[in-house]
Amino acid sequence: MDSSKYTLTLPKYIPNKGLSQDEQREKEFGSLESPEFLYVSEHEPNTPYLVEPLEEPSYFTILLTHLNFLILIIVGNFKDFFGTFFDKKQFEDVIEKDGYAPYYSRLESFYVRRMKRKIDDNFSIPTTGVPGRYITCYDRHSDDYNQTLKYTGSVTNCLNFASYNYLGFAQSVGICTDDALVTLRKYGTGAGAPRHQGGTTDKHAELEKLVAKFVGKDDSLIFSQGFSTNANLFDSFLDSECLVISDELNHSSIRTGLRISGVTIKRFPHNNMAKLEKIIRTSISQGLPRTHKPWKKIIVCVEGLYSMEGTMCPLPQLVDLRDKYGFYLFVDEAHSIGAMGPNGRGVCDYFNIDPSRIDILMGTFTKSFGAAGGYVAAEQHIIDRLRLDLTAPVYSESISPVIVSQILTSMKIIMGELNPGEGKERIQRIAFNSRYLRAGLKKLGFIAFGMDDSPVIPLLLYVPNKLPAVARALYKRGIAVVIVGYPATPIDSSRIRICVSAALTKSDLDKVLRELDFIGDKMYFKYARGKHNMEPFTDKPNATLEAFH
Amino acid sequence: MDTSNVSYASSIAAAVVDPERELSARITSLIDRIKTLPGGAILIRYIQSSYQDDPIRTVIEIFLMLFAVRYFFSKKTSPDSKEAVPLSEKEIDELCKQWKPRPLAEPVTEAELYKLKKIPVLAGAVDKKITISGENYLDYNRQFAPEKRYDVEGIECPEPPLEDVLNLASLDFLNLSHDPRLLEIAANIIKNHGVGACGPPGFFGNQDVHIRLEQRLAEWYGVDSAIVYGQDYCTPISILPTFLKRGDIAIVDAGCSLAIQKGLLLSRCQVVYFEHRNYEHLANTLEELQEELQDIKPLNRRVIVSEGLFANTGDFADVPKLVEIKKKYKFRLFLDESLSVGSIGPHGRGVADYYGVPASDIDILTGSLANSLASSGGFCVGEKPMIFYQRIASAAYCFSASLAPYSVRVANEVIDMLEQNEGKKDSPLGLLNKNSALLHGKFSKNRKISKYLDVVSESGSPVVILEFNKAIKNKLGFYQYYYNENNKTAQAHEKGMRSFEQSGTAAAAKPSSKKVSESKKSFERVDYYSDEAVAKMKSEASQKAIAESKKKSQADIHNLEEFLISKIVNKLMLEDKMLIGTSQRLLKMEVFRVRPVFKICLSSDLSTKEIDSVVEKLANQVAGVVDNIKCLEDVEKLNSVKPL
């Protein structure tokens, strides 16, 4: 390879150049290959939702994983320790310099420098164009173990199993884009002011009403960033005499919000309802620590669909507990809204539970609607109070009208108000795709966490060394997946995360199954020992998984 | 080898004879086998020699082992359970049944209702001239049903929209959001990239446009690298805790905005305040801290936190002074330029640019892309390691979806435009600065205004900030400033500020003995047992009780002052067709002092005529409202804000 031509600046590349409108459409959203490939995801009524036991790999794998980390920690710290004395130039970022402390300490950044940096070529891959069915990635190359990554000038079109594009609304052709362009011409590029200071247009008001209708609540509030929605929500109605019982795997944004509010936090093991009930009972009976005053409010915070686990909250049990003890329930539907349920209306729809049994429903527009931002929906009097007390509408920018328009159109399609039938098809395609891919992976002998219907499929690799190897092998074969390791996951469960989209066709899924089958054999990560074969489709015995027979 | 064979043979023989001998024989054989391993012989010799003739050691080690086993199997007790009251299951059931939580959110009271009413909903775009929609938030609020409107024939009809209102509340100072060049570019990107980025930057959400904007920002500021965030408000909230942890220290200007306050709250570092723009106070505080800081090993991270253009007061931080101080005491400087980017400085890079301080002198510089740059999101520029670490450790970057690609591209284009127009007098930036100087000048010269209002902001600021002057505040019973009485941090801050102010004034004016003697003189002897005195005392006590019950909390009075301002702004909108902003700060969230203000946001294409009319109309409305009220009760009696 001639590496002298590699550049540090991004090469110019125009996506979709020379593609016809139809080709572009197909690249962003594959057309349905057969009406057979549709499925309705729904929790079967009257069957209790079982929290699946997570499958365990062999002890050898666990031993190997820990050994890997042990070697990393020992060698890394050894190198760090002597490096700070003898190779100061290499370590100048973590040692004191002319009387200033480093921005980050040696220990703080250990995993970033020693582990993430080594596999950095798999993170933050620059992309261009629409993150639809295919994603166009700029190829990179490094000669110095990812200290600097250079662009080779070429691009790879990967099948997209990485983006949060559940319903395939990341498109540049179609009614959503047309509406967005019209809005852009009429409303301009930005909203120009905070929501309460003249940054609220009729589009915003319309979306707030539509979101409320979509999730089945009285009213809602919308924000320009999903993270900020959670991070700035809790301080408006919680204080130190309130208690939040939070699932241990809740997203960082919820944890940030809770920390800002100064509320007392207790955590319960992921989806463990028995432990949760125990915590609720002791908390209510014991009251505040020391004074034993009763808690002002108790709020249970869970997520609808956990983005790293693929599990869902056991909502039927949660609402029963709520009725029994009278605490408030907060559900973050960032990943489940749009993607789950027969009508795409999230966990309530999936479990067929009345939304009035949940106090605050929060969600984002990034994932299923191909846009950005977040919402909070609740009863009218709660939203009125939040509208006055939340900091974001007063201090932060308003969500841009173009994005509002994208959400409005895509939500109307899901609801069937626009292009009747299209929304249903998208919802049923993602349900089919999720179940089909998961069943295939399990049949091939991989360990995949999570619910059968979940569009997030974490495929367990355990041994951290396999992360970059698998990601690179898949990238070479034109498949983009996300890899996640410690500290984002527990130390012994490094994984690749596959995000299924309605934009993918069945042959795309077959391709990824074939490639993973091959790589899985070569790299030994088919850990399952045959215990967890799932039935692909309960109502469709004829649907076949012929790809790997 | 020979010996092991022999012992092995003897062990077979012994097995028949005696179990005790069998055991010892087996142990011997095991030891022999270990000896065959490399290094085994050394290990066996070591163990043998350490336990031989040392029974105490053996006993102690057995105890240690037992303790370890016990510890391993013991129940884990949390600190909570120590002070827990033991209760039976039945009692717990009972307590659970009795427990009634407070309502999740307090209902909105009548006194606060105006806040909901005054939120303007625009029909159509945010532009220089806007249309206020006939609908507003109360129309879909069931708790407070709106007054129904009927037309001539008695049929219910919506309020007609208010058209052609001059927008003086938008932060799009350069009025670029409808620029044809930007619209064209944004449309192009939407046609190629779609609307959303569909993922966090680490996971395929990092598009070419993002990388180009980051490079452009770094180049524009002349620093190593830059990072782009999805929202401006969240940028400082996320960056401050990334670099400030427990044990670190931050020295903060007491006029900073809420985003910085929240960021510091999250960071859990030691926070010290200095009086707003009082750099002598800053230097003195740092001098006092020196002794304490000298002993800290290893060095902790030390940061001076300030805003460039203060969002709450519209005045400038003295950046050269800050840089001088920070260099002297080896602190880093965090500067939030959210409002000033694109609106201040010869190149439009903010207050540092205005003073000619290179951006490389400011360690952490954040800003907003949403205001002058007509886009959305925030950014941070600075040294390479600082930006590098944010990409993994800053929550709002790492765990949040990337900014929409078209917004990113628009911001990039605005930077190009600013660079192309540099130094031109008729460029949007030049016109904005001219307008700011003009309006500030007009306000300070206008006698009618100065009778009621003080100009808080500095000339050059794109937001003109006005507050009621002392005379009016005293007349109406408003406080000079408000603070959050229910928050411990706010209380502590207030206490600190007061003691600082007192020490300042005490040093200025020495207490004279004359005053003391005067006060002694005024002390009169009263016959406490006379009927008159008793009656007087009684009436005084009852008056006091009434006054006590009528006494309003800081929050109530703050609410009333905000209400009065909103009332004037509302009248200005309805009668003169001008929408201006108000402070609307949330008292219960703030740590610092809060002052209700009027905010007039300028834009580059305001004509001189429009500026004249703003001054005149505002003066008339303020006079009209304030002249008719005499005390706090009158403010309460005012009609509520009319939505439209």
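Protein chains get the first letters and strands the later ones, always in sequence-line order, with residue 1 at the start of each.
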| task | Sort B:P298 into side chain, backbone, both or neither according to what part of it lies under 4.5 angstrom from a heavy atom of chain A. | result | both

| task | Take A:F169 and B:V195, measure what side chain to side chain contact (heavy atoms under 4.5 Å, CB included) needs, and give me the verdict at the end. | result | CA-CA 9 Å; A:F169 279 111; B:V195 173; over 6 Å; no

| query | So which part of B:A404 gets closer than 4.5 Å to some heavy atom of chain A, the side chain, the backbone, both or neither? | reply | side chain

| query | Which of the residues B:C198, B:S400, B:G194 is involved in the greatest number of heavy-atom pairs with chain A at under 4.5 angstrom? | reply | B:C198

| Side-chain heavy-atom pair A:Y328, B:P101 within 4.5 angstrom cut-off | yes

| field | Contacting moiety of A:V173, where chain B heavy atoms sit under 4.5 Å | value | neither

| note | Rounding to 0.5 Å, atoms CZ (A:F237) and CG (B:L104) come to a distance of 5.0 Å

| query | Considering all heavy atoms of both residues, which atom of A:A101 and which atom of B:R332 are nearest to each other, and what is their separation? | reply | O-NH2, 2.8 Å

| said: Can you tell me which of A:N160, A:T282, A:D235, A:T177 forms the most heavy-atom pairs within a distance under 4.5 Å of chain B? | reply: A:D235

| request: Report yes if some heavy atom in the side chain of B:F388 is under 4.5 Å from a heavy atom in the side chain of A:V112; otherwise report no. | output: yes

| message | Which atoms of A:Y138 are under 4.5 Å from chain B, going by heavy atoms: the side chain, the backbone, both sets, or neither? | response | side chain

| task | To the nearest 0.5 angstrom, please state how far the NE2 atom of A:H196 sits from the CG atom of B:L586. | result | 9.0 Å

| task | Please report the closest heavy-atom contact between B:L87 and A:S285, naming both atoms and the distance. | result | CD1-CB, 3.6 Å

| note | Looking only at B:L183, B:D172, B:N167, most heavy-atom pairs under 4.5 Å shared with chain A are made by B:L183

| query | Looking at CZ of B:R391 and CZ of A:F123, how far apart are the two atoms once the value is rounded to the nearest 0.5 Å? | reply | 14.5 Å

| OG on A:S109 to CD1 on B:I392, rounded to 0.5 Å | 11.0 Å

| request: Select, from B:L95, B:L171, B:V126, B:D208, the one with the greatest count of heavy-atom pairs under 4.5 Å involving chain A. | output: B:D208

| query | How about B:I119 and A:R387: do any of their side-chain heavy atoms sit closer than 4.5 Å? | reply | yes

| request: For the pair B:L299 and A:Y100, evaluate side chain to side chain contact (heavy atoms under 4.5 Å, CB included) and give the outcome as yes or no after the intermediate values. | output: CA-CA 7 Å; B:L299 274 181; A:Y100 289 98; 5.8 Å; no

| A:L8 versus chain B, heavy atoms under 4.5 Å apart: side chain, backbone, both or neither? | backbone

| task | Pick whichever of A:T128, A:T183, A:I280 has the most heavy-atom pairs under 4.5 Å with chain B. | result | A:T128

| If you measure from CH2 on B:W99 to CZ on A:F327, what distance do you get to the nearest 0.5 Å? | 9.0 Å

| field | Side chain / backbone / both / neither for A:P126 at chain B, heavy atoms under 4.5 Å | value | both

| Pairwise side-chain contact, A:F227 with B:Q231, heavy-atom cut-off 4.5 Å (strictly under) | no

| field | Leading residue by heavy atom contact count with chain B [cutoff under 4.5 Å; candidates A:I483, A:L388, A:I125] | value | A:L388

| Relative to chain A, which segment of B:A311 carries a heavy atom at a distance below 4.5 Å: side chain, backbone, both, or neither? | neither

| said: Just checking B:K384: does its NZ atom have more than 12 heavy atoms from other residues, nucleotides or ligands closer to it than 6.0 angstrom? | reply: no

| request: Under 4.5 Å, counting heavy-atom pairs only, tell me which of B:A401, B:C96, B:A370 racks up the most with chain A. | output: B:C96

| remark: Ranked by heavy-atom pairs below 4.5 Å to chain A, first place among B:G124, B:A123, B:G581 goes to B:G124

| Can you say whether A:I299 sits under 4.5 Å from chain B via the side chain, the backbone, both, or neither, judging by heavy atoms? | side chain

| Of the backbone (N, CA, C, O) and the side chain (C-beta and beyond), which part of A:N232 lies under 4.5 Å from a heavy atom of chain B, both, or neither? | side chain

| query | Any side-chain heavy-atom pair from B:L265 and A:R259 closer than 4.5 angstrom? | reply | no

| field | Side chain proximity check, B:P200 to A:Y164, heavy atoms < 4.5 angstrom | value | yes

| query | Measuring heavy-atom distances to chain B, does A:Q197 have an atom under 4.5 Å in its side chain, in its backbone, in both, or in neither? | reply | both

| Side chain, backbone, both or neither of B:K97 within contact of chain A (heavy atoms, under 4.5 Å) | neither

| note | One option among A:R290, A:Q24, A:K203 has the most heavy-atom pairs under 4.5 Å with chain B, and it is A:R290

| Atom group of B:D179 that falls short of 4.5 Å from chain A, counting heavy atoms | neither

| field | Heavy-atom proximity to chain A below 4.5 Å, by part of B:D93 | value | both

| task | Assess whether side chain to side chain contact (heavy atoms under 4.5 Å, CB included) is satisfied between B:I237 and A:I260, documenting all intermediate values. | result | CA-CA 10 Å; B:I237 294 186; A:I260 290 186; 4.1 Å; yes

| said: So for A:P393, is it side chain, backbone, both, or neither that comes closer than 4.5 Å to the heavy atoms of chain B? | reply: neither

| message | Determine whether A:S396 and B:D232 satisfy the following criterion, side chain to side chain contact (heavy atoms under 4.5 Å, CB included), listing intermediate values before the conclusion. | response | CA-CA 6 Å; A:S396 90; B:D232 53 1; 4.2 Å; yes

| field | A:C242 versus chain B, the contacting section by heavy-atom distance below 4.5 Å | value | neither

| note | Of B:Q215, B:R212, B:K262, B:K599, the largest count of non-hydrogen pairs under 4.5 angstrom with chain A goes to B:R212

| message | At a 4.5 Å cut-off on heavy atoms, which part of A:S253 comes close to chain B: side chain, backbone, both, or neither? | response | neither

| field | Shortest non-hydrogen separation from A:R281 to B:I92 and the atoms involved | value | NH2-CG2, 3.6 Å

| field | Max heavy-atom pair count under 4.5 Å with chain B, selected residue of A:I298, A:T256, A:L386, A:N165 | value | A:I298

| note | Max heavy-atom pairs within cutoff under 4.5 Å with chain B, candidates A:Q171, A:K367, A:R185, goes to A:R185

| Min side-chain heavy-atom separation B:Q207-A:P131 under 4.5 Å | yes

| note | Bottom line for A:V394: the part with an atom under 4.5 Å from chain B's heavy atoms is side chain

| task | Below 4.5 Å from any heavy atom of chain B, which atoms of A:I135 appear? Answer side chain, backbone, both or neither. | result | side chain

| Any chance the rings of A:Y104 and B:Y389 have centres within less than 6.0 Å? | yes

| task | Can you measure from CD1 (A:I403) to OH (B:Y406) and round to the nearest 0.5 angstrom? | result | 4.5 Å

| Heavy-atom contact with chain B under 4.5 Å, split by part of A:T136 | neither

| Would you say B:K330 and A:D98 make side-chain contact, with heavy atoms under 4.5 Å? | yes

